[in-house]
Amino acid sequence: MASLSRALRVATTCCGRRPAQGLGLQPLASAASPTAEKNVPYQRTLKEALGPSEVAQGPSQPLPSTANVVIIGGGSLGCQTLYHLAKLGVSGAVLLERDRLTSGTTWHTAGLLWQLRPSDVEVELLAHTRRVVSRELEEETGLHTGWIQNGGLFIASNRQRLDEYKRLMSLGKAYGVESHVLSPADTRALYPLMNVDDLYGTLYVPQDGTVDPAGTCTTLTRAAAARGAQVIENCPVTGIRVRTDDFGVRRVAAVETEYGSLQTPCVVNCAGVWASAVGQMAGVKVPLVAMHHAYVVTERIEGIQNMPNVRDHDASIYLRLQGDALSVGGYEANPIFWEEVSDKFAFGLFDLDWDVFTQHIEGAINRVPVLEKTGIKSTVCGPESFTPDHKPLMGEAPELRGFFLGCGFNSAGMMLGGGCGQELAHWIVHGRPEKDMYSYDIRRFHHSLTDHHRWIRERSHESYTKNYSVVFPHDEPLAGRNMRKDPLHEELLGQGCVFQERQGWERPGWFSPRGTAPVLDYDYYGAYGNPAHKDYTYNQLLKDEYTFDFPPHHAVIQKECLTCRGAAAVFNMSYFGKFYLLGLDARKAADWLFSANVSRPPGSTVYTCMLNHRGGTESDLTVSRLALGSQSCPLAPAFEGDGYYLAVGGAVAQHNWSHITTVLQDQKFRCQLVDSSEELGMISIQGPASRAILQEVVDSDLSDEAFPFSTHQLVRVAGHLVRAIRLSFVGELGWELHIPRASCVPVYRAVMTAGAKHGLVNAGYRAIDSLSIEKGYRHWHADLRPDDSPLEAGLAFTCKLKSTVPFLGREALEKQRDAGLRRRLVCLTVEEKVPMFGLEAIWRNGQVVGHVRRAGFGFTLDKTIAYGYICDPSGGQVSLDFVKSGDYALERMGVTYAAQVHLKSPFDPDNKRVKGIY
């Protein structure tokens with residue numbers, strides 16, 4: 001019998017065993033390693049459900065000729081999606097599994113379910129999974145899914161980790177998730193076998209538990225079948241047939257198998273590790289990688305029964321209760337990539353590479369010392385799929401209408417399956433999920449990245465390695481950097497710019513007075529024989545900000561902000577998405593797409609939203625009406641009919657592009673969407689001195705009379721043609737300059753030279769975050785999301801409800817307006833100098849009424865500012881009187897701070913500064 005201590009000794013003394021050179025190539029364990037059988041720890045799997053005489057000879061039931069929806073893959077996500085489609089009343093839904101249910105990655109999952117994550121949406125998704133597996137399925141079918149509620153315990157070995165847990169506890173209060181921060185002594189009383197000598201504390205969640213994969217998937221499919229769905233096992237998919245409609249749009253037509261084809265308009269790729277191969281059948285890019293992921297199962301441990309599951313994040317391990325034993329696993333820095341994914345792999349396990357796994361053993365023995373003398377009963381090393389940001393891949397693929405993704409779950413498919421299956425079903429049936437699923441939407445990735453092998457591999461490795469790292473507010477990836485650089489990148493790097501990464505773009509974060517901080521090629525944290533970077537300035541700057549206090553560069557951000565308020569700052573925003581909407585039906589399309597009236601005279605610029613059919617906000621952006629022109633150039637394309645210039649946040653540019661494209665296809669508008677993001681740069685000069693600075697280099701009159709707010713003109717700056725738009729995203733007098741790529745550097749230099757005597761400085765997005773929250777401007781996907789309406793967000797002025805013009809989402813807004821708002825976005829300020837970053841609980845009159853979506857420090861107000869949606873706990877309307885009548889507090893890490901509520905921004909509430917009135 002092998003033991004954990006013996007495994008540790010053997011692996012550390014085998015001097016000849018070293019990782020092979022090259023990424024992800026590792027030698028298999030030799031005979032010198034501890035021996036243990038390969039087997040999952042579950043009493044029942046669907047592998048054993050087949051008797052010797054029942055070896056598959058063909059599909060488990062006849063293949064229908066047509067189906068409304070075909071799900072490919074019978075793991076957690078496939079079964080959950082089928083079940084939720086059936087609950088929505090979808091008839092003719094078919095699940096195809098190449099082998100048996102769960103045979104891919106689901107059968108060997110650890111099955112842990114933790115309710116608290118640093119994301120409000122994920123907390124909601126996890127809550128639904130828990131409801132389904134712990135209660136709803138059993139009530140519906142009379143079958144027990146195998147759910148065990150033994151609680152969860154998060155271990156904190158340092159102050160920052162305990163601070164993170166306290167943040168989760170505060171968020172949990174907004175969702176009714178019971179949790180308790182325990183002292184080391186209380187932790188020992190709960191878990192007597194645990195070593196607590198090195199602990200700061202723990203977070204205990206009594207209603208966490210474990211999910212049984214076979215029991216859950218069997219119950220899900222039986223419940224779905226009872227509602228008319230079909231499950232066909234032993235039926236490998238061999239192809240996806242695609243048709244092109246009369247408008248040139250590619251659409252799903254059929255699924256081909258070894259035993260025939262099914263005509264269908266909708267395919268759902270739930271194939272897990274094999275999802276990329278299924279995507280290739282349809283010409284769809286699926287950005288994930290396959291890796292070995294492992295745990296070991298111990299022999300019986302006296303006294304372990306009924307103990308909670310444990311996550312020791314700082315040791316990067318988990319301990320899952322397995323009856324009277326433990327499963328021990330984790331996330332290592334050198335995971336093994338599965339380079340050649342076999343389509344014949346079913347109910348399979350790899351040999352465990354002890355050289356890779358050893359790093360988890362020491363942490364496990366330190367946390368539960370009895371493990372040092374405990375035997376290893378079996379090893380479980382199977383394939384799992386991992387993605388570049390450790391988030392699943394969901395939603396309709398931008399390349400193919402009717403082709404949906406439900407894959408890439410980063411070993412969390414059982415845990416997230418119920419919530420994600422429900423949302424995916426809504427996506428298919430209603431065109432959009434009910435919740436904000438942008439972080440999971442495949443359209444979050446720019447199309448240039450989704451088949452970029454190096455980017456996918458590097459980012460997936462780093463996400464895997466850092467899965468248990470503290471989620472700090474200002475962290476940035478080190479992998480997959482320098483993919484997309486704008487024309488000013490080198491210019492700003494030389495001036496101390498510390499860059500952030502957003503969808504491949506390098507954008508300015510802030511400017512360090514300590515010199516340059518270039519981002520270096522990814523070193524895989526020293527894994528796979530790569531030498532780790534030494535004296536890496538950029539990485540050190542990131543590590544300096546690993547805190548939940550005010551960051552050490554707080555004063556630098558303050559200077560950028562106050563200079564913008566007092567003089568002027570220039571912001572490089574070249575990474576913005578820049579689109580043209582052109583053509584004979586462009587005005588019809590604009591009227592339908594945009595909530596505001598953008599069909600104003602040429603030269604006007606309008607801030608507007610784009611909505612979905614439920615009235616949720618898919619985007620906020622600016623739209624500029626163009627004049628007809630005969631000569632075509634990047635700043636003024638030639639077109640027939642009408643033309644509009646769209647500027648959208650660069651981090652969400654692909655989402656905007658996909659949303660607009662989908663609407664144009666659905667409505668059959670005769671117009672063209674042109675992406676000029678790479679051809680145009682953009683800088684913005686903001687502040688009281690901006691007009692004086694620009695007037696020195698612009699050949700046109702910038703007075704209020706000649707160039708009013710919310711208008712745009714083609715002008716020359718230092719001899720270069722640019723499109724100037726008078727707008728502000730920070731609440732100051734200012735202009736955006738949209739510049740052809742070749743002209744970006746000379747225009748920037750001319751502006752900086754003219755601004756030197758006025759005190760003009762460079763500023764980055766950290767300053768934008770502070771300045772915009774101080775002014776009360778919304779950030780999409782923070783305080784404005786697809787499940788938030790403009791009415792709830794205080795953006796009714798962006799909606800042309802007083803007109804008779806129809807637009808997407810109008811009916812939903814009118815119903816919401818007539819029924820009264822059930823929640824409302826509010827601004828809260830805190831007098832005490834305390835940092836907040838979002839997820840804090842909002843208290844009103846002694847009750848939790850919501851949580852903070854976005855928070856930051858306003859340097860002009862000299863206060864912490866927070867925005868969050870509040871509701872009435874009794875279910876009533878949230879009127880303005882309701883908002884104003886309460887006493888408010890914000891809970892940060894278990895401590896409440898008195899807060900003042902505001903109906904509009906306390907900074908320049910009359911909007912004088914954007915008009916140049918100082």
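- By the 4.0 Å N-to-carboxylate-O rule, Asp163 lies too far from Arg167 to be salt-bridged with it.
- Arg785 and Tyr438 share no side-chain donor-acceptor pair at under 3.5 Å.
- At most 12 non-hydrogen atoms from other residues, nucleotides or ligands lie less than 6.0 angstrom from OH of Tyr200.
- For Arg853 and Asp783, the salt-bridge test fails: no basic side-chain N is under 4.0 Å from an acidic carboxylate O.
- Side-chain atoms of His144 never come within 3.5 Å of backbone atoms of Gly215 as a donor-acceptor pair (strictly under, hydrogens ignored).
- Using a 4.5 Å heavy-atom threshold, the side chains of Thr864 and Glu832 count as separate.
- No option in His293, His360, His313 other than His293 meets the ring-ring contact (aromatic ring centres under 6.0 Å, His included) test with Tyr331.
- Of the possible polar contacts, one joining the Glu164 side chain to the Val471 backbone as a donor-acceptor pair under 3.5 Å is found.
- Between the side chains of His461 and Tyr525, no donor-acceptor pair of N or O atoms lies under 3.5 Å.
- Judged by distance alone, with hydrogens and angles left aside, the side-chain atoms of Asn410 form no donor-acceptor pair with the main-chain N or O of Ala412 at under 3.5 Å.
- Side-chain contact of Tyr204 with Glu178: a donor-acceptor pair under 3.5 Å is absent, judged by distance alone.
- Counting only distance, with no hydrogens or angles, the side chain of Glu840 and the backbone of Gly838 share a donor-acceptor pair below 3.5 Å.
- With respect to Asp351 and Lys38, a salt bridge is recorded, a charged nitrogen being found less than 4.0 Å from a carboxylate O.
- For the 3.5 Å distance criterion, the side chains of Glu891 and Ser170 qualify, holding a donor opposite an acceptor.
- In the model, Arg766 has no side-chain atom that pairs as donor or acceptor with a side-chain atom of Gln500 under 3.5 Å.
- With no hydrogens or angles considered, no side-chain donor-acceptor pair links Asp535 and Gln540 at under 3.5 Å.
- When the options Tyr175, Trp843, Tyr869 are evaluated for a ring-ring contact (aromatic ring centres under 6.0 Å, His included) with His851, the one that passes is Tyr175.
- A donor and an acceptor atom, one from each side chain of Glu332 and Tyr464, are located under 3.5 Å apart.
- A tilted orientation is assigned to the rings of His554 and Phe550, their planes being inclined by 30° to 60°.
- The distance between the ring centers of Trp107 and Tyr42 does not fall below 6.0 angstrom.
- Salt-bridge formation is detected for the pair Asp197/Arg188: a Lys NZ or Arg NE/NH1/NH2 atom is positioned less than 4.0 Å from an Asp or Glu carboxylate oxygen.
- The backbone N or O of Leu199 sits nowhere less than 3.5 Å from a side-chain atom of Ser157 that would complete a donor-acceptor pair.
- Judged purely by atom type and a 3.5 angstrom limit, Gln115 has no side-chain atom pairing as donor or acceptor with the backbone of Ala127.
- Shown here is Arg135, whose CZ atom has more than 12 heavy atoms of other residues, nucleotides or ligands within 6.0 Å.
- The 12-atom threshold is exceeded at CG of Asp862, counting heavy atoms of other residues, nucleotides or ligands nearer than 6.0 Å.
- A donor atom on one side chain and an acceptor atom on the other are not found under 3.5 Å apart for Asn309 and Asp208.
- Note: Tyr295 OH to Thr109 OG1 = 7.0 Å, rounded to the nearest 0.5 Å.
- Between the side chains of Ser76 and Thr106, no donor-acceptor pair of N or O atoms lies under 3.5 Å.
- Defined by atom type and a distance below 3.5 Å, a donor-acceptor pair is missing between the side-chain atoms of Asp353 and His292.
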